[in-house]
> 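One structure, as structure tokens, below. Some questions next.
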Amino acid sequence: MILGVIADDFTGATDVASMLVRAGMRTVQVLGVPQGPLPQADAIVVALKSRTIAPELAVQQSLDALAALRAAGARQIYFKYCSTFDSTPRGNIGPVIDALMQALNTDLTIACPAFPENGRTVYRGHLFVGDALLSDSGMRNHPLTPMTDANLLRVLQAQTPQRVGLLRHDTVAQGADATRAKLQSLRAEGTRVAVADALSQDDLLTLGEACADLPLVTAGSGVALGLPPAYARRGWLRPDAQAAALPAVGGAAAVVSGSCSQATNAQVARWQQGGGASVQVDPLALHEGRTSPADLLAEATASLAQGPVLVYATATPERVGAVQQALGVQAAGELVEQALAHIARGLVTRGVRRLVVAGGETSGAVVQALAVQQLQIGPSICPGVPWTATRHGEAADPLLLALKSGNFGGPDFFREALAMTEAAA
Ligand code: ADP
């Protein structure tokens, strides 16, 4: 094992894992702090849900994950956060960086959320989302982590007593040697966390080479693209062209959708327009006992013989609003998540082996119902959403899972995703 990644949320973990796979590292994602021994892989990504929990808890979980990754032999540790640096003045990015640095006994790391391919760039320590400063982007209104300052030095310095400094783009543009030298001089001047500028894929490659020997890298998923080539140059990694290969899996296919995003509404509509079979989950009918998860499961199962089926609660904002008004936001969400998770588990029991799930919370509920603990990361369906295979004991046959957070994917996402598994099977 070369790289151990600690990710502060579930879909972020999948995102960084798919970057590593793309660059030829065989990668396994573990859900939650690892409990048992870790599998064989070039990289292991531990998916925590620590972005907005209490800082002390986030630190503890991150240290537990670190201990497991070090015990498995990780040469380098990567703390992955969001490319919009989602955090509050209390953390959790700063406190987790401090704790990991202390545990790793290191006095220098970088912080770089840049992901130019997705429009996230850092210049003179300021984070841009597309053409706008972070503080002028939609992130300023985020319900949990509103980001009202684009100056990452200021944002991070508010979260850590360690000195935060700047690795400027003019140095990064000169290449890896200049960058490495600058990091050393920043360290000598007392900087402990260097916010790194990056405007392009080339900058990520430079940072990867310059930082491959640091015990700890902290970043969004972008920097992960630059590390595998650096490992290869050091002779640690032979990039595997088959890193994204998943076991061929036959069997029935289904889509379960609890996301109500604009993108998912369009995907559901497109599936139905294309003649795909579907079963609608009506939260009010469930609540009033006019239908039940068992009834809906039976309906979906009956339709499987003709081909893939879509089970969806996806609805327009107006309909969701009406349901939430009647049942309460929390209760409506839980009712739907539990129903979809029950149906997903039932479908798997009845032979579904290729399952697409739409919705971040919905994915969490389904993965929990299926008791999934590890995912092998496969090819990307769209940026940030790979196919994955569940890993059970030797004998159990794997299940292919695609977990899509709300706004990802074009209108044909469901069909495109399933088509990829047919080609592989
Ligand atoms: P996204 O990734 O798009 O945010 P999530 O699955 O995270 O999707 O969140 C969607 C939430 O909306 C879930 O809690 C889900 O149970 C709930 N939900 C889905 N359909 C409905 C509906 N028709 N009415 C009310 N709530 C719904």
Side-chain angles (χ1 to χ4, degrees), residues 7-15 18 31 47 49 51-52 82-84 86 118 138-139 141-145 254-272 278-293 295-297 300 310-345 355-370 372 381-386 388 401-411 413-414 417:
D8 71 354
D9 93 330
F10 185 91
T11 40
T14 312
D15 180 8
S18 62
L31 309 183
K49 217 173 172 314
R51 185 169 293 168
T52 53
C82 190
S83 66
T84 41
D86 298 16
N118 275 358
M139 279 306 296
N141 299 318
H142 192 281
L144 302 176
T145 52
V255 180
V256 169
S257 178
S259 161
C260 297
S261 70
Q262 222 173 343
T264 308
N265 268 288
Q267 288 156 359
V268 168
R270 183 66 69 89
W271 174 270
Q272 292 172 323
S278 61
V279 174
Q280 186 178 17
V281 176
D282 175 352
L284 291 177
L286 274 176
H287 178 71
E288 291 160 10
R290 286 183 278 120
T291 185
S292 70
D295 291 344
L296 295 163
L297 173 58
L310 162 71
V311 180
Y312 70 103
T314 305
T316 58
E318 298 73 45
R319 292 190 58 174
V320 173
V323 170
Q324 289 177 334
Q325 189 131 36
L327 305 181
V329 175
Q330 190 89 11
E334 270 167 32
L335 179 73
V336 172
E337 283 168 34
Q338 289 318 311
L340 291 177
H342 175 91
I343 293 165
R345 193 180 50 204
L355 181 65
V356 178
V357 185
E361 294 300 325
T362 308
S363 292
V366 167
V367 161
Q368 197 168 25
L370 293 172
V372 173
I381 306 160
C382 66
V385 190
T388 69
L401 269 181
L403 306 171
K404 183 191 87 81
S405 86
N407 265 315
F408 284 170
F413 179 85
F414 297 152

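Atom set for the values below is all heavy atoms of this structure, side chains included, hydrogens, waters and symmetry mates excluded. Counting begins at 1 with the first residue of the sequence. Numbering of ligands and ligand atoms starts at 1, following listing order. Keep in mind that what you see is a predicted model, and the values were worked out from it rather than measured.
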> What pair of heavy atoms forms the shortest contact from V367 to L401, and how long is it?
CG2-CD1, 4.4 Å
> Using side-chain contact (heavy atoms from CB on, under 4.5 Å), reason through L310 and S257 one step at a time and then give a plain yes or no.
CA-CA 7 Å; L310 162 71; S257 178; 4.2 Å; yes
> Is there side-chain contact between V323 and H287, with heavy atoms separated by less than 4.5 Å?
no
> Would you check if F413 and T264 make a side-chain contact, meaning some heavy-atom pair closer than 4.5 Å?
no
> Among all residues two or more places apart in sequence or in another chain, which pass the side-chain hydrogen bond (donor to acceptor under 3.5 Å, both in side chains) test with T14?
Q29
> Mind checking what residues have non-hydrogen atoms under 4.0 angstrom from ligand 1?
G258, S259, C260, S261, P283, A313, A315, V320, V323, G333, V336, E337, G359, G360, E361, T362, S405, G406
> Are T11 and F408 packed together at the side-chain level, in the sense that at least one heavy-atom pair is separated by less than 4.5 angstrom?
no
